[in-house]
Amino acid sequence: MDKMENLLQVKELKTHFMTMNGVVPSVNGVTFNIKKGEKVALVGESGSGKSVTSLSIMGLIEEPGKIVNGSIIFDERNLVDLREKEMEKIRGNDIAMIFQEPLTSLNPLFPVGKQIRESLLLHQKITRKEAKQRAIELLKKVGIPMPEQVYSSYPHSLSGGMRQRVMIAIALSCEPKLIIADEPTTALDVTIQAQILGILNELSELENTALLIITHDLGVVAEIADRVMVMYCGQIVEEADVFSIFDSPLHPYTEALLKSTPRLNGQEKLASIEGRVPNPLHMPKGCTFHTRCPYAIEKCSSNVPAIQEFRPNHHVRCWLADEEEGGIKIG
Amino acid sequence: MEIQKETSTAPLTEPSKKNTTKYSIIKWIIPLLKSKTGMLGISIVAIVCFTAVFAPLLAPYKPEKVDFSAISTPPFWMDGGSFNHILGTDNLGRDLLSRIIYGAQISLLVGISSVGVAGVIGVIIGLTSGYYGGLVDTLLMRFVDANIAIPSILFALVVLGFMSPTIITLIIVIGVSSWIGYARVVRSEVLSLKEREYVKAAKSIGVRNGTIMRRHLLPNVSSSVIVIATTSVATTIITEASLSFLGLGPQAVTWGKVLSDGRDYLSTSWWIATFPGIAITITVLGIIFLGDYLRDMLDPRIQE
Amino acid sequence: MVDNNEYVLEIKGLKKYYKVPNSTTKAYLKAVDGIDLKVRTGETLGIVGESGCGKSTLGNLIVKLIEPTQGEIISSGINLNELKPKQLRNKRREMQIIFQDPYSSLNPRMRIFDIIAEPLVTHKLARGSALKERVLQLMEVVGLDADYLTRYPHEFSGGQRQRIGIARALALNPKVIVCDEPVSALDVSIQAQILNLLIKLQKKFDLTLIFIAHGIQAVNYISDRIAVMYLGKIVEIAGKEQIMNHTKHPYTELLLSSVPISHPKYRNEKVKTVINRESPSPVNLPSGCRFHTRCPYANEKCKKEDPDLVEMKDGHFVACHYPIIKENR
């Protein structure tokens, strides 16, 4: 595959948190690439390290957290080595982030239009008047009816869905190459979620912006992603294109996630994953999932499986996928 | 290539069999050792308490013992000073060190007891006001507002002017005039706590209001109350000293009394007023450090 | 008319208005705005709707955590409004509630034993060793290890906390349990555990469940009947199959089409009813049918007249002037 196409390359990333009780390996050796214009979903439950991965890319890890290993190459620069000043430029111009709760990321004291305009003035050489024009266009672009009116509204007077649209408009204002959306629809109602996903999808295709969407919801993944990475306990356990993930998941965790998600076209009984995510301070030996895995074999509790390409472009971290063990027994 | 093949990662941390509950004491001590001000605060408070409790053993003289042969002896390092009276004596020849050591007893007693009185009144009013809301709340809070308009020291002055200033009256007066802080904090915490689902759950079970307040609300406001209580022991010691200084204190040896005795001799025997003043300052600082440390430690976010 | 055996709960004209603070005019937030509902004994009734539709307020009204502005709740033939405080306290044993947030639903300063024992102690149902036995039994029923008895809530994960909350609700042998978004705050893999547990318990103890959620997938999985709420009113109520396959109300249709697809292969097939309008505020309700501002089929009549909830056919009620009529979907 063409290396030039890669927009973001994360290699062996380890972000650990040094807490009073010990080291929490939130991200523990994550490697992945995102190509230009690609829509990638990072799926996992709380504590899987998916959000910490995104914060690491944005250079937003704060004490007691620290990137202890690995590199994040974006546009041929290693973000891990950049100083805060340079990182600020990247954050504004090349990578934008959308958070779960838009209210906390908007300044309550200024009208939203002004906030978009400021962002535009900061990143582009245009006059204030042009910036206002651009801001209103952006609001229109993210599907806000009556953008002129919304331009002068304050964040608290807008609904959650509107605020998230404004956040997307701000993210778009700097024409980023990559948008990281961390659970962008979790706080929203279903009908609004559908709208926001539609906008993200459309805009990403229109502007050829790469999208890293972080979510726990496989429905969101099915709607929007080209490629999926499943995270568990700080590691990527499976990575493939979206169809392979839904049609023939290889990792028992992915399989269990799919089977435990309620759907509308009635399934008889939801399969649940027993047990709970292990305490990050006391990670189990061997494969981190073996304590909950219905297929676990002896090897799983002693040796850590490596991630390997089981089928073309379909990677999995599981002993059952190991050829010596006779290939995959599931799926 | 999307993902490079990687060799198995380094062995993860061994699962430890630590029982978290058993180690909660250690959880408290380690940050204490790390916090310099916390350590300092605790040490000062411990020394003062120790002094107060063992005053009869520690003090070289009885505090009231008058020695006309040694009137206004300066501290030992000055000309005319001696090791018989390390911190010197006052105008009646009473040993200053002994008076400060004994003074710790009354000052602490008044400080802690009046904080107790204030705490009980404040917590009860705050709980009721916050939990029931409505008219009860409006009336109680108006009362609190009105009370703020009267400076507590003025209130104490007036009351003590009419009543004989014994230790008990002093405790009650200081207590009654300083409960408002507790009431306000407890009320505002209860306002948010009562919306918690565990309070709703208790209601839906049919738990009585009194029990809900006692079992579900009180324990959850206790950390804030402890923090205010610690710092107000400090302010109370100062209030007591001020009242004694103004001549309204009890007829007992307190730091304020000793300080006030020295005020007329500041130009000739500065030590009489200075050393009790230093004792008050150090103790108050120590208590405030301890209070700050407790506030950090009792914050559940930090505890987790 | 009232058949005690058939309906465990009857709600008549229930309203809950909140005064909007700091408003010069007399503005009210109409959280629940006239609900009539009959809950059958032993069924699982799902209540679904978006945030602000009043579903949680309805749940709180049913278990008498808040007082209605108007209307009646009749439980097994007894009007809850007419009960004296002491009688109400006894009546509460029949109706329990499970909350959404497993972190705020347990008192952080109480041990698990005390949390589960509280209802039993409050109603003086057990003491001493019998109490402990009962608590252990409840813990076993919800799948909690007996070792956890003396632990504090912060040592547990969200799913386990939710189990503790369920054990507490079960302690009084209630007839009805209101589940107010019990899985919304949980991880996907844990949601299934709790849903399956609720189904198991419902069968085991012949419970009537009122399952409130914003996700129609979970409601669909657990419920026998589904009520769809919009801005304080029920707009459609019917058996699960009816709601899913013979949707009558345009809002239900919108809800269903908004659900994320279950497989990427449906990406192009999916008929999307994208309406770029958001729900109006419950303080400023639209005139006429409250859904007309977002409804693709609305006309003049909808702007003027508020439709009543009427029975279309055997148990399928809908509040719409022009219900969708489709033979098969």
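Lettering of chains follows the sequences in order, A, B, ..., and the numbering in each one begins at 1. This is a predicted model, so every value here is computed, not measured.
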With a 4.5 Å cut-off on heavy-atom pairs, point out which of A:Ala225, A:Ala256, A:Ala271, A:Gly160 contacts chain C the most.
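Of the options given, most contacts go to A:Ala225.
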Based on non-hydrogen pairs under 4.5 Å, which of A:Thr186, A:Ile192, A:Leu257 is most in contact with chain C?
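Highest number of heavy-atom pairs under 4.5 Å: A:Ile192.
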Backbone N/O of [Y] and side chain of [X]: donor-acceptor pair under 3.5 Å:
X	Y	value
C:Gln193	A:Gly275	yes
C:Arg267	A:Ala222	yes
C:Asn196	A:Leu270	yes

Close side-chain approach of A:Asp247 to C:His263, heavy-atom, < 4.5 Å
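A side-chain contact under 4.5 Å exists here.
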Please tell me if the side chains of C:Arg294 and A:Thr191 come closer than 4.5 Å, counting only heavy atoms from C-beta onward.
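Touching, per the 4.5 Å side-chain cut-off.
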If you round to the nearest 0.5 Å, how far is [atom2] of [Y] from [atom1] of [X]?
X	Y	atom1	atom2	result
C:Ile243	A:Leu264	CD1	CG	12.0 Å
A:Arg263	C:Ile261	CZ	CD1	11.5 Å
A:His216	C:Gln191	NE2	CD	6.5 Å

Highest number of heavy-atom pairs under 4.5 Å with chain A: which of C:Gly52, C:Ser157, C:Ala218, C:Gly49?
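Heavy-atom pairs under 4.5 Å are most numerous for C:Ser157.
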Can you tell me which portion of C:Ile216 sits under 4.5 Å from chain A's heavy atoms? Options are side chain, backbone, both or neither.
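For C:Ile216, the contact with chain A is made by backbone and side chain together.
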C:Lys240 portion near chain A, given a 4.5 angstrom heavy-atom threshold
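Neither the backbone nor the side chain of C:Lys240 comes within 4.5 Å of chain A.
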Please report the closest heavy-atom contact between [X] and [Y], naming both atoms and the distance.
X	Y	answer
C:Pro260	A:Gln193	CG-NE2, 3.0 Å
A:Pro262	C:Tyr221	CB-CB, 4.5 Å
C:Glu50	A:Asp189	OE2-CB, 3.1 Å

A:Ser260 pairs by side chain to side chain contact (heavy atoms under 4.5 Å, CB included) with which of C:Ile190, C:Val188, C:Leu195?
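Answer after filtering C:Ile190, C:Val188, C:Leu195: C:Val188.
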Side chain / backbone / both / neither for A:Ile245 at chain C, heavy atoms under 4.5 Å
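For A:Ile245, neither part sits under 4.5 Å from chain C.
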Pairs flagged by side chain to side chain donor-acceptor pair (under 3.5 Å) wherever residues 39-48 of chain A is involved - sequence neighbours left out:
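Checked against side chain to side chain donor-acceptor pair (under 3.5 Å) - neighbours excluded - the pairs reaching residues 39-48 of chain A are A:Lys39-A:Asn201, A:Lys39-A:Glu205, A:Glu45-A:Tyr253, A:Glu45-C:Ser189, A:Ser46-C:Asp187.
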A:Glu274 atom CD, neighbour heavy-atom count above 12 within 6.0 Å:
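For A:Glu274, atom CD is crowded (more than 12 foreign heavy atoms under 6.0 Å).
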